[in-house]
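See below for the structure under consideration.
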Amino acid sequence: MSKFSEQVLGWFDLHGRHDLPWQKTITPYRVWVSEIMLQQTQVKTVIPYYERFMRSFPTVEALAQASQDAVLAHWAGLGYYARGRNLHKSAMKIMADFEGRFPESYDDVLALPGIGRSTAGAILSIALQQRHAILDGNVKRVLSRYLALEGWTGNKNNESFLWHKAEEFTPISRFADYTQAIMDLGATVCTRTKPCCETCPVRSGCLANQQDRVRDFPAKKPKKEKPIKQAYFLVLENMEGKLFLQQRSQIGIWGGLWSFPEYESHESCLNKMKKYESQSTSLHSLVEWNSFRHTFSHYHLDIFPVVVKGIDENHALQVFGNGEWACKVALNSQQATLGVPAPVTKLVRLIRECKNV
DNA sequence: AAGCCGGGGAT
DNA sequence: ATCCCAGGCTT
């Protein structure tokens with residue numbers, strides 16, 4: 001066993017994380033769900049989502065039999081909703097192709113939607129003690145410092161180089177512990193800002209530390225300007241205080257989630273409302289609320305709410321097409337049965353509190 | 001290779 | 001406001 005993995009494992013036994021929710025009882029299914037939720041998402045954020053998800057869907061079969069709406073309702077607020085859709089798809093595939101048993105061959109696991117090279121390695125090493133490397137954000141950071149790797153870790157050559165090193169550093173035993181150990185090291189010692197090099201088990205061999213250049217690695221990702229887009233949200237409220245929601249396309253942002261009818265311009269939004277009013281006899285008040293900004297990883301979205309109260313429920317369905325009149329729209333995500341994007345949750349809260357800010 | 005896909009924690 | 005987080009998929 002190499003000195004690196006020996007040092008990492010020795011540190012892990014004393015200082016690693018051994019009581020995370022998905023570590024309590026280790027099964028491929030439980031590890032799989034955790035790894036998907038943890039993609040691009042911090043542990044602290046995941047924990048409450050994981051607990052709730054596992055309570056509702058304790059087995060592959062339970063997940064496969066659930067509706068997509070139920071799954072996405074559990075994912076609402078977590079982001080990257082394709083993860084939830086793919087998890088659900090994979091569960092159905094596991095029922096159809098593997099009799100409900102999570103596959104144990106690397107190729108079969110890799111073929112499931114939403115599982116790439118790193119996630120497949122993590123699941124099979126942690127849950128089934130197979131020898132596979134991982135290369136997530138933690139490993140990239142640890143290795144780029146240990147090896148003083150110049151340049152962004154996301155570029156092709158560096159990625160290929162790091163995969164090679166990640167496999168080389170993986171020991172010949174204790175595969176589950178090593179996978180967990182290298183991630184724990186990155187998450188608690190070799191952190192992005194203010195790493196604790198004094199307590200690091202591999203500092204003696206760390207080139208960045210030797211050169212006193214820990215701060216230089218990993219190199220920052222080249223940044224690009226985020227475009228600004230606009231969206232008009234038509235907020236329809238009926239006499240009972242229910243709000244009108246429509247399910248979004250599976251393709252594009254917030255795929256499969258429920259949101260307010262959305263228009264790209266002020267004009268198209270008001271035209272739609274005029275079309276409704278021309279056929280309606282009831283009275284209602286239209287108020288254009290102040291806009292607010294929601295920022296994605298790749299663009300800013302300025303949201304302009306157009307709030308109309310006193311809408312006739314059945315009449316609206318005729319004009320606006322398919323939709324649902326929801327009562328408690330994800331104000332409490334514990335009770336929500338529809339998945340709603342974060343800014344919709346925010347806007348609903350503002351409406352309920354009558355805060356036009 | 002670059003773009004798409006979220007939301008929040010940390011700074 | 002910026003950067004990044006237990007990445008993968010599409011073009």
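Just so it is clear: chains get the letters A, B, ... in the order the sequence lines come, proteins before strands, and each one is counted from 1.
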Sugar-phosphate only, base, or nothing, as touched by A:Thr119 at under 4.0 Å among non-hydrogen atoms: sugar-phosphate
Ring centres under 6.0 Å, that's the criterion: do A:Tyr276 and A:His315 meet it? yes
Say we look at B:dC5 and C:dA1: how far apart would their P atoms be, to the nearest angstrom? 22 Å
Contacts to DNA chain C from residues 175-185 of chain A, heavy-atom cutoff under 4.0 Å, which residues? A:Gln180, A:Met183
Side chains of A:Trp75 and A:Ile36: closer than 4.5 Å at any heavy-atom pair? yes
Could you tell me how far apart A:Arg83 (CZ) and C:dG8 (C1') are, to the nearest whole angstrom? 11 Å
Rounded to the Å, how far apart are A:Leu87 CG and C:dC9 P? 13 Å
Nearest whole angstrom, please: distance from the C1' of C:dC5 to the OH of A:Tyr49. 15 Å
Sugar-phosphate only, base, or nothing, as touched by A:Leu78 at under 4.0 Å among non-hydrogen atoms: base
Would you check, one step at a time, whether the test side-chain hydrogen bond (donor to acceptor under 3.5 Å, both in side chains) holds for A:Arg30 with A:Thr25? CA-CA 8 Å; A:Arg30 289 173 54 82; A:Thr25 58; 3.2 Å; yes
Relative to the 5' end of DNA chain B, which residue comes earlier, A:Lys44 or A:Leu257, by the nucleotide with the nearest heavy atom? A:Leu257
Are A:Met37 and A:Trp22 side-chain neighbours, meaning at least one heavy-atom pair lies under 4.5 Å? no
Can you tell which of C:dC5, C:dC3, C:dG7 lies closest to the side chain of A:Gln42? C:dC5
Given that A:His298 and A:Thr45 both sit by DNA chain B, which one's nearest nucleotide is further toward the 5' end? A:His298
Grab the two heavy atoms, one from A:Tyr299 and one from A:Pro227, that are nearest each other, plus how far apart they are. CB-O, 3.3 Å
Segment of DNA chain B, first to last nucleotide, that comes within the 4.0 Å heavy-atom reach of chain A: B:dA1 to B:dT11
A:His15 versus A:Thr188: any side-chain heavy-atom pair under 4.5 Å? no
With a non-hydrogen cut-off below 4.0 angstrom, is A:Ala122 in contact with a base, only sugar-phosphate, or nothing? nothing
Expressed as a whole number of Å, how far does the P atom of B:dG6 sit from that of C:dT11? 16 Å
Under 4.5 Å between side-chain heavy atoms, hopping through other hydrophobics if needed: is there a path connecting A:Phe175 to A:Phe12? no
Of the residues in residues 17-36 of chain A, which ones touch DNA chain C at a heavy-atom distance under 4.0 Å? A:Arg17, A:Leu20, A:Trp22, A:Glu35
Taking B:dA1 as the reference, what is the distance to C:dC5 when you measure between their C1' atoms (whole Å, please)? 23 Å
Between the side chains of A:Trp11 and A:Asp184, does any donor sit under 3.5 Å from an acceptor? no
Atom-pair distance (CG on A:Asn155; P on C:dG7), nearest Å: 18 Å
Round to the nearest Å and state the distance from A:Leu112 atom CG to C:dG8 atom C1'. 13 Å
Protein-nucleotide distance (A:Arg145, atom CZ; C:dC4, atom C1'), rounded to Å: 12 Å
Classify the angle between the aromatic ring planes of A:His298 and A:Phe296 as parallel (below 30°), tilted (30 to 60°) or perpendicular (above 60°). tilted
For a quick check of understanding: with a heavy-atom distance under 4.0 Å over all strands, which category does A:Val43 fall into, base, sugar-phosphate or nothing? base
Side-chain donor or acceptor of A:His132 paired with backbone N/O of A:Gln130 under 3.5 Å: no
For C:dC3, does OP1 or OP2 lie under 4.0 Å from any side-chain N or O of A:Thr193? no
Pairwise P distance, B:dG8 and C:dG8 [rounded to whole Å]: 22 Å
Separation of A:Lys221 atom NZ from C:dG7 atom P, in whole Å? 13 Å
Nearest heavy-atom contact between A:Gln250 and A:Gly256 is OE1-CA, 3.6 Å
C:dG7, OP1 or OP2 - any side-chain N/O from A:Gln40 closer than 4.0 Å? yes
Does A:Ile228 share a hydrophobic cluster with A:Leu301, counting links as ILVMFWY side-chain heavy atoms below 4.5 Å and allowing steps through other members? no
Donor-acceptor pair, side chain of A:Arg85 and main chain of A:Gln68, under 3.5 angstrom: no
Quick one: label A:Gly252 by what it contacts on the DNA or RNA (base, sugar-phosphate, nothing), any heavy atom closer than 4.0 Å. sugar-phosphate
CZ of A:Phe296 versus P of C:dA1: gap in Å, rounded? 16 Å
